[in-house]
There are 2 protein chains.
Amino acid sequence: MPTETNWLNPREARAWRIFVNAHKQLEARLHRLLLQDFGLTGADYEVLAVLSEHPTGRIPAQDLRDLLEWEKSRLSHQVRGMEEEGLIIREPNPADGRSAMICLLPAGRRAIQEAAPEHVANVRRHFIGLFTPAELDTFAALNERVLNHLAEEPFPGAIRS
Amino acid sequence: MPTETNWLNPREARAWRIFVNAHKQLEARLHRLLLQDFGLTGADYEVLAVLSEHPTGRIPAQDLRDLLEWEKSRLSHQVRGMEEEGLIIREPNPADGRSAMICLLPAGRRAIQEAAPEHVANVRRHFIGLFTPAELDTFAALNERVLNHLAEEPFPGAIRS
DNA sequence: CGGAAGAGGTTGAGACCTCAACCATACATC
DNA sequence: GATGTATGGTTGAGGTCTCAACCTCTTCCG
């Protein structure tokens with residue numbers, strides 16, 4: 001155990017600060033646009049995006065959670081809210097009495113179809129469009145190293161389903 | 001206005017997904033370690049870090065907000081909580097009757113001094129240590145492009161102080 | 001069968017964060 | 001100086017997310 005702390009030097013501190021801020025501010029901007037222009041939160045959009053990509057628009061709650069990497073209670077709260085708004089609906093899963101199917105309603109499909117073009121355009125404008133294809137790959141590889149390292153050292157209770 | 005949506009191709013989608021996930025998961029892990037090992041939230045840590053870097057441990061609330069890039073109501077709520085925990089305290093600012101000084105208390109200094117070494121070590125382990133200095137610079141430059149672009153296109157009501 | 005263990009989901013409490021409304025003080029301009 | 005405007009800060013409501021406790025249904029195994 002080092003009693004002396006190995007503080008970040010300026011180069012390291014800069015890289016860390018910019019890494020954190022870039023994501024935070026971009027996410028905030030995109031969520032804000034989404035909410036202001038279409039009345040959808042980022043969470044709403046993610047759920048609708050997954051459901052609308054499925055041809056049937058119906059998937060088991062468990063699968064949805066795995067795709068989103070969400071906790072089960074989070075999905076439960078989120079789904080309750082979206083059900084009240086009439087975007088989706090819960091139905092019993094005939095294959096397993098404990099499970100639920102999450103089903104896209106017409107209003108939900110309409111909402112994602114309206115929002116997606118502008119949202120994708122915003123992602124292009126604020127992120128994709130800033131880089132060449134080669135830079136995108138470099139960027140992804142660097143970020144991926146962070147993800148892989150986290151996955152290698154799992155946390156006690158990492159995904160508490 | 002394009003009626004046809006320019007969807008992300010696989011390379012673009014991958015870069016975007018990994019960019020979002022890397023930050024989200026790393027932040028979650030670090031905050032969790034901080035909370036579990038020292039009972040400090042990420043927000044607590046940030047406030048204490050800024051205060052403890054100031055020799056006097058006392059700075060005007062406005063300066064704190066600027067440094068953290070926080071909304072004023074957020075700082076107000078956060079400060080109230082930390083005041084109840086005895087980490088910091090609010091004092092009137094003699095230079096301006098509207099303003100407040102945020103002051104580090106001994107318990108707050110102790111808390112950050114205990115937590116900082118491990119937190120910095122965690123940042124090293126999960127982020128800095130994964131890259132060469134040159135890679136760090138590359139990474140920072142890419143992230144910086146995102147930040148700069150956001151700054152160029154300010155949002156209506158961007159930092160609503 | 002029948003009971004234990006486990007998985008899927010819900011709920012409620014509490015922390016965090018944003019927004020809008022509000023209060024008090026300072027500043028500007030006449 | 002008096003009035004209008006801007007600034008610093010607080011408050012309360014509401015949405016988001018996590019955690020722990022709980023309930024139901026399934027599965028396993030004697």
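Residue numbers begin at 1 in each chain, while the letters A, B, ... track the order of the sequences.
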* Could you state the CD-P distance from A:Glu46 to D:dT16, rounded to the nearest angstrom? -> 12 Å
* To do: Please work out if B:Asp96 contacts a base, only the sugar-phosphate, or nothing of the nucleic acid, heavy-atom cut-off 4.0 Å.
  => sugar-phosphate
* **Contact under 4.0 Å: B:Ser73 side-chain N or O vs D:dG9 OP1/OP2** => no
* **Where B:Ala43 and B:Gln78 come nearest, the two heavy atoms and their spacing** => CB-OE1, 3.4 Å
* Inspect the contact between B:Glu69 and A:Lys24 and indicate whether a charged nitrogen and a carboxylate oxygen are less than 4.0 angstrom apart. => no
* What is the distance from CD1 of B:Ile102 to P of D:dG9, rounded to the nearest Å? -> 7 Å
* Answer yes if the side chains of A:Arg125 and A:Asn122 hold a donor-acceptor pair under 3.5 Å, and no otherwise. => yes
* **Nearest-angstrom distance from the residue atom CH2 of B:Trp70 to C1' of D:dG8** => 17 Å
* To do: For the side chain of B:Lys72, starting at C-beta, report the closest nucleotide among D:dT18, D:dT10, C:dG9.
  => D:dT10
* Asked: D:dG15 P sits how many Å from A:Leu35 CG, rounded?
  -> 11 Å
* Asked: Quick one: is A:Arg90 getting a side-chain N or O under 4.0 Å of the C:dT10 phosphate, OP1 or OP2?
  -> yes
* Less than 3.5 Å between a donor and an acceptor, one on the side chain of B:His77 and one on the base of C:dT18, is that the case here? -> yes
* **Salt-bridge criterion met for A:Arg80 and A:Glu84 (N-O under 4.0 Å)** => yes
* Asked: Just by distance, with hydrogens left out, do B:Gln62 and B:Asp66 show a side-chain donor and acceptor under 3.5 Å apart?
  -> yes
* Whole Å only: how far is the CD atom of A:Glu27 from the P atom of C:dC17? -> 15 Å
* Quickly work out the A:Leu40 CG to D:dT16 P distance and round it to whole Å. => 11 Å
* Closer to the 5' end of DNA chain D via nearest nucleotide, is it A:Arg98 or B:Ala100? -> B:Ala100
* Asked: Heavy atoms under 4.0 Å, any strand shown: does A:Ser99 hit a base, just sugar-phosphate, or nothing?
  -> sugar-phosphate
* Structure fact -> In whole angstroms, the gap separating P of D:dA13 from CZ of B:Arg74 amounts to 21 Å
* Phosphate-side-chain proximity, B:Arg32 and D:dC19, N/O vs OP1/OP2 below 4.0 Å -> yes
* Value in whole Å for how far the P atom of C:dG12 lies from CD of A:Gln78 -> 18 Å
